[in-house]
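Since the structure comes first, as structure tokens, the remarks are kept for the end.
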Amino acid sequence: MGLNSIEVKKAFAESLGESMKKVIGFMGVDISVSVAEIANSISIPRPEQGDFSSSICFSLAKAAKKSPALIAHEIASAMNSGTSKKDYMKKISEENGYINLWIDEVRYSASILESILEEKAKYGTSGIGAGIKAIIEFPSVNPNKPWHIGHLRNALLGDSISRILSANSYSIEREDYIDDLGLQMAEILWGEDKLGSQEGKKYDTMLGEAYVQINKDITEKHAESDVNAILKKMEDTESEESQKIRRISEKSVRAQYETAFAYGIYHDVLIWESDVVRKRLLKNALEFMALKKITSLRTYGKYKDCTVIASNSEKTETEESDSEDNVKVLIRSNGVATYVAKDLAFHMWKLGIIDPGFEYSKFLMQPNGQEVYTSSDKGARMNFGRADIAINIIGSAQQHPQNLLKKVFEEITGESRIIHIAYGEVSVKGGTLSGRKGGWMGTAKSYTADELLSEMEKITSQIVANGKKAEDSKVLPDVPRKVALAAIKFEFLKVDPEKKVVFEWEKALDLNSNSGPYCMYTYARASRILEKAEMAQDGFDLGPGDFSRVTRGEDFKIIKHIGTMQEIIEKACREYKPSIIAGYAMELSLMFSNFYESMPVLGGGESKNLRVAIVMAAKQALFNMLGLINIETAERM
RNA sequence: GGGCAUGUGGCGCAACUUGGAUAGCGCAUCUGGCUUCGGACCAGAUGGUUGCGGGUUCAAAUCCCGUCAUGCCCGCCA
């Protein structure tokens with residue numbers, strides 16, 4: 001069994017617990033503290049103070065009526081003389097009321113290095129999500145425009161969270177919801193004659209630009225009622241309008257997915273709103289909710305003839321004083337369902353509450369070799385849906401409808417199975433990225449995901465070209481693109497999801513302040529050192545003599561950090577935060593730089609084997625962590 | 001008016017969920033380092049009353065109350 005920070009914390013806590021019982025019993029005080037509580041008091045202190053540290057004595061002080069320092073002293077000596085201490089725990093010290101564990105650096109290093117070199121890509125993964133199926137939805141962009149940088153943030157978050165959950169043994173289904181029956185597509189159809197006029201453009205971009213013009217025309221010509229008529233016709237999925245829009249949408253989504261593929265973002269299944277309607281999912285869902293008395297038909301007041309969800313029920317039953325806050329319309333008085341109604345129905349599919357009998361067919365072969373499927377009017381039944389939890393990557397602007405969704409499902413299932421990752425939306429210096437007004441089109445450069453990548457790649461190509469020496473001809477041609485992608489992905493994923501982002505070209509394209517390429521650089525350095533070390537990459541024999549060369553310097557520091565990987569990956573999973581992974585990768589890169597600056601590897605003499613092993617381990621750790629934020633590495637750059 | 005989120009050196013962020021030792025990191029600025037495994041690098045320095053005011057505690061960036069600022073949401077739109 002390999003040791004890591006989780007194991008050590010657990011063992012330390014147990015050992016502390018046993019010693020505490022003795023000491024406190026001796027002191028004549030009756031205190032019970034759970035092992036979990038002790039474990040919670042353990043953190044990783046500054047290296048001068050030990051490897052692990054517990055502040056538990058502070059919590060005991062009051063009840064025991066002794067100073068924390070005295071209790072710490074008693075416990076530490078009991079642990080040092082007792083048997084509860086594991087053999088890899090070298091000594092227990094005590095300082096200012098803290099109990100500090102000093103681990104046997106040779107044993108700990110051996111255990112961690114052997115584990116990571118053995119487990120490779122699996123190192124750091126966990127089983128906390130085993131047996132749980134999660135459907136994760138992203139980015140669900142309307143099919144009338146290209147992905148802009150806001151959609152990109154959404155997609156990168158969804159993709160990375162999927163990877164992180166997978167690494168924790170969750171079974172993941174990546175789903176994308178396509179709203180082909182919405183107002184925006186009706187508007188596209190209204191202004192159909194504006195389409196296709198621009199040759200050589202990507203289809204989604206062409207649509208997006210046309211849409212801005214169409215939207216303007218509609219306002220100027222007061223054509224809203226015409227659009228509504230189209231919208232109404234589209235509700236019939238067999239209508240000519242509906243079929244035509246579906247064809248336009250499919251073409252548009254294929255164009256959008258060219259962008260997704262360029263960023264290495266893939267899906268498992270697309271669900272179309274038109275299929276939701278066709279399969280009467282909405283109808284069934286509404287019946288279900290009526291039966292459960294979640295919804296009701298209003299016969300009075302402001303919402304007369306609407307089907308609504310009212311959160312504070314009977315009190316205002318006969319009054320017209322419904323406050324807007326607690327009534328949500330699902331079916332309008334004209335019989336048309338609202339978006340929220342469709343979303344509720346859709347989540348009944350996701351969570352397996354209603355099976356609409358979707359059929360699926362192949363939509364696209366993705367560059368990762370996996371087919372993405374689509375709901376369809378003809379195809380086969382497949383195993384999509386029926387998830388235990390549904391994770392929605394949706395901007396924080398939709399907090400309200402998402403909360404309503406969660407509340408309704410808590411009522412239905414009795415537990416919380418919908419998770420809304422409410423990320424802060426992306427804006428640009430001058431304003432918003434509105435699709436309607438065309439904010440994404442920018443002025444000099446557009447704010448599309450495509451444009452961002454191509455601009456970034458110009459810069460990285462230049463840098464690679466400038467830095468290239470004659471001997472560097474082994475740098476592969478895909479490196480500039482990889483570096484560009486690393487820069488963009490790291491920049492978006494290093495900040496907490498809930499923070500809002502203001503995009504600026506100048507800052508985005510400044511590679512000096514960007515950590516993605518730095519991590520890649522570190523990886524490339526590690527690769528080159530190993531190449532020069534001329535040892536087989538697939539493990540070489542390390543003996544006890546090699547491990548005994550470990551010091552309490554930069555070498556042990558980086559090993560200890562690698563030992564926290566599983567803990568970090570679990571934390572990122574529980575909190576749905578790729579930023580935790582990005583932060584770790586950055587720290588690891590910095591530590592690695594410190595390590596190889598201060599400890600020569602090839603000229604390491606007796607320590608050479610150990611240091612080569614550390615380089616291998618760090619390289620693997622970096623590879624695993626960067627993989628979770630979808631950043632590819634390169635052996636040379 | 002109500003709800004949610006954010007506020008940490010000049011700038012961008014971390015630590016807050018689970019209170020703990022000297023509040024970390026990057027950029028920028030200043031100083032130094034390439035005959036030695038790749039300078040997309042490293043070392044050192046400058047810079048903080050954690051928006052403000054109370055409270056709880058042995059201990060508060062972290063918890064509680066209040067307050068200010070900013071953003072988003074609150075429609076028979078999606």
Side-chain angles (χ1 to χ4, degrees), chain A residues 36-37 39-41 43 45-46 48-49 53-59 61-62 67-68 95-98 100 142 179 181-184 298 302-308 323-325 327-340 342-343 395-403 422-425 427 460 463-464 466-467 469 471-472 483 491 494-496 498-502 507 510-515 517-522 524-533 571 574-575 579-580 582-583 586-587 590 593-594 596-604 611-612 615 636-637:
Chain A
E37 199 177 327
N40 202 25
S41 78
S43 59
R46 265 181 287 280
E48 318 88 74
Q49 293 164 328
S53 175
S54 169
S55 61
I56 196 69
C57 297
F58 292 94
S59 335
K62 198 165 196 177
S67 76
E95 190 186 348
N96 302 330
Y98 292 88
N100 298 326
N142 270 327
D179 184 4
L181 293 186
L183 182 64
Q184 303 203 346
R298 276 290 152 106
K302 186 176 168 189
Y303 298 107
K304 188 165 186 298
D305 298 330
C306 295
T307 299
V308 302
S323 117
E324 283 78 1
D325 290 348
V327 174
K328 188 70 212 170
V329 172
L330 297 190
I331 310 276
R332 304 177 184 108
S333 53
N334 67 0
V336 178
T338 61
Y339 174 82
V340 172
K342 292 174 195 164
D343 214 23
S396 57
Q398 297 211 40
Q399 191 73 250
H400 271 280
Q402 285 291 307
N403 281 343
Y423 69 94
E425 268 147 20
S427 60
T460 53
I463 291 173
V464 170
N466 289 348
K469 297 171 198 128
E471 52 171 331
D472 286 341
V483 178
E491 200 58 20
K494 75 177 181 188
V495 312
D496 270 6
E498 68 265 23
K499 302 256 179 171
K500 54 192 179 212
V501 170
V502 180
K507 285 185 182 168
D510 177 10
L511 290 189
N512 286 328
S513 63
N514 196 304
S515 344
Y518 175 74
C519 292
M520 281 186 76
Y521 174 76
T522 306
R525 292 282 311 258
S527 301
R528 295 285 285 136
I529 292 171
L530 291 181
E531 213 174 287
K532 295 205 171 167
K571 187 175 152 91
R574 273 194 294 269
E575 300 182 16
S579 56
I580 291 174
M586 184 65 190
E587 282 170 27
L590 285 166
S593 298
N594 286 328
Y596 73 60
E597 286 288 332
S598 62
M599 297 188 153
V601 176
L602 303 182
R611 291 180 186 172
V612 168
V615 175
R636 292 166 186 257
M637 59 186 275

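When reading the values below, keep in mind they use all heavy atoms of this one structure, side chains included, and skip hydrogens, waters and symmetry mates. Throughout, protein chains are lettered first and strands after them, A, B, ... in sequence-line order, and every chain is numbered starting at 1.
For the OP1/OP2 pair of B:C25 and a distance below 4.0 Å, the side-chain nitrogens and oxygens of A:Lys494 include no atom meeting the criterion. Phosphate contact (OP1/OP2 of B:A14, side-chain N/O of A:Lys499, threshold under 4.0 Å): present. Between A:Tyr303 and B:C76 there is a side-chain polar atom (N or O) within less than 4.0 angstrom of OP1 or OP2. Checking the phosphate oxygens (OP1, OP2) of B:A40, no side-chain nitrogen or oxygen of A:Arg528 falls inside 4.0 Å. Not one side-chain nitrogen or oxygen of A:Arg332 sits closer than 4.0 Å to the OP1 or OP2 atom of B:G75. Within the 4.0 Å cut-off from OP1 or OP2 of B:C76, not a single side-chain nitrogen or oxygen of A:Arg298 is found. An OP1 or OP2 oxygen of B:C42 is reached within less than 4.0 angstrom by a side-chain nitrogen or oxygen of A:Tyr518.
Side-chain atoms of A:Asn96 lie closest to B:A21 of the nucleotides B:A21, B:A78, B:C73. Relative to the side chain of A:Glu575, the nucleotides B:A40, B:U17, B:A21 differ in distance, and B:U17 lies closest. Listed candidates were B:U57, B:G3, B:C42. Nearest to the side chain of A:Glu597 is B:C42. With B:A21, B:G20, B:U17 as the candidates, the nucleotide lying closest to the side chain of A:Glu95 is B:A21. Side-chain proximity of A:Tyr339 to the nucleotides B:A78, B:A40, B:C42 is greatest for B:A78. Set against B:C4, B:C76, B:C37, the side chain of A:Ile529 has B:C37 as its closest nucleotide. Residue A:Met637 places its side chain closer to B:A40 than to any other of B:A40, B:C42, B:A14. Relative to the side chain of A:Val495, the nucleotides B:C13, B:U70, B:G38 differ in distance, and B:C13 lies closest. Taking only side-chain atoms of A:Leu183, from C-beta outward, the nucleotide of B:A40, B:C41, B:C77 with the closest atom is B:C77. Of the candidate nucleotides B:C58, B:C76, B:G3, B:C76 has the atom lying nearest to any side-chain atom of A:Val329.
Nucleic acid contact for A:Asn594: sugar-phosphate only, since backbone atoms but no base atoms lie under 4.0 Å from a heavy atom of the residue. Within the nucleic acid shown, A:Val483 comes within 4.0 Å of at least one base atom, counting heavy atoms only. Residue A:Ala397 is in sugar-phosphate contact alone, with no base atom involved, counting any heavy-atom pair closer than 4.0 Å across all strands shown. At the heavy-atom level, A:Gln49 lies under 4.0 Å from base atoms of the strands shown. Contacts of A:Leu590 with the nucleic acid, taken as non-hydrogen atoms under 4.0 Å apart, involve only primed sugar atoms and P, OP1 or OP2. Counting non-hydrogen atoms under 4.0 angstrom, A:Ser579 reaches nothing in the nucleic acid. Within the 4.0 angstrom heavy-atom criterion, no nucleotide atom of any strand lies near A:Lys342. At the heavy-atom level, A:Asp510 lies nowhere under 4.0 Å from the strands shown. Residue A:Asp179 is in sugar-phosphate contact alone, with no base atom involved, counting any heavy-atom pair closer than 4.0 Å across all strands shown. Here A:Ser515 lies out of heavy-atom contact (under 4.0 Å) with every strand.
Minimum heavy-atom separation, A:Tyr423 to A:Gly395: CE2-N, 3.3 Å.
Between A:Val501 and A:Pro600, the residue anchored nearer the 5' end of RNA chain B, judged by the nucleotide with its closest heavy atom, is A:Val501. For A:Glu587 and A:Gly603, each mapped to the nucleotide of RNA chain B holding its nearest heavy atom, the one lying further toward the 5' end belongs to A:Glu587.
Regarding A:Lys507, its NZ atom lies at a distance of 6 Å from the C1' atom of B:C11, rounded to whole Å. For the pair A:Arg574 CZ and B:U17 C1', the computed distance is 11 Å after rounding to whole Å. A:Glu425 has its CD atom 13 Å from the C1' atom of B:C4, to the nearest Å. We find that CE of A:Met586 is positioned 9 Å from P of B:C41, with the value rounded to whole Å. Atom OH of A:Tyr596 and atom C1' of B:A43 are 14 Å apart (whole Å). Remark: P of B:G71 and CD of A:Glu498 are 19 Å apart, rounded to the nearest angstrom. Here B:G71 presents its C1' atom at 4 Å from NZ of A:Lys500, a figure rounded to the nearest Å. The nearest whole Å value for the distance from the CZ atom in A:Arg636 to the C1' atom in B:C37 is 13 Å.
Side-chain N or O atoms of A:Ser43 include none that pairs as donor or acceptor with a backbone N or O of A:Pro45 at under 3.5 Å. In this structure a side-chain-to-backbone donor-acceptor pair under 3.5 Å is present from A:Arg611 to A:Pro600. Of the possible polar contacts, one joining the A:Asp179 side chain to the A:Gly182 backbone as a donor-acceptor pair under 3.5 Å is found. At distances below 3.5 Å, at least one donor-acceptor pair connects side-chain atoms of A:Asn334 with backbone N or O atoms of A:Val336. Judged by distance alone, with hydrogens and angles left aside, the side-chain atoms of A:Thr338 form a donor-acceptor pair with the main-chain N or O of A:Leu330 at under 3.5 Å. Checked by atom type and distance alone, the side chain of A:Ser53 never pairs as donor or acceptor with a backbone atom of A:Gln49 at under 3.5 Å.
Side-chain contact check for A:Ser55 and A:Ser41: no donor-acceptor pair (N or O, by modelled atom type) lies under 3.5 Å.
Between A:Thr307 and A:Val329, the closest side-chain pair of non-hydrogen atoms is not below 4.5 Å.
Between A:Phe58 and B:A59, no base-stacking contact is recorded for ring centres under 5.5 Å apart and planes less than 30° from parallel.
Remark: B:C30 base-pairs with B:G44; criterion is Watson-Crick or G-U wobble with both hydrogen-bond distances under 3.5 Å. Of all nucleotides present, only B:G55 satisfies the Watson-Crick or G-U wobble test against B:C63, with each distance under 3.5 Å. The nucleotide B:U35 finds no pairing partner, because no Watson-Crick or G-U wobble arrangement with both distances shorter than 3.5 Å includes it.
For a distance-only test at 3.5 Å, the side chain of A:Ser53 qualifies as a donor-acceptor partner of the base of B:A21. Residue side chain A:Lys571 reaches the base of B:U17 through a donor-acceptor N/O pair under 3.5 Å, judged by distance alone.
Look at the P atom in both B:C11 and B:G54: the space between them is 25 Å, to the nearest Å.
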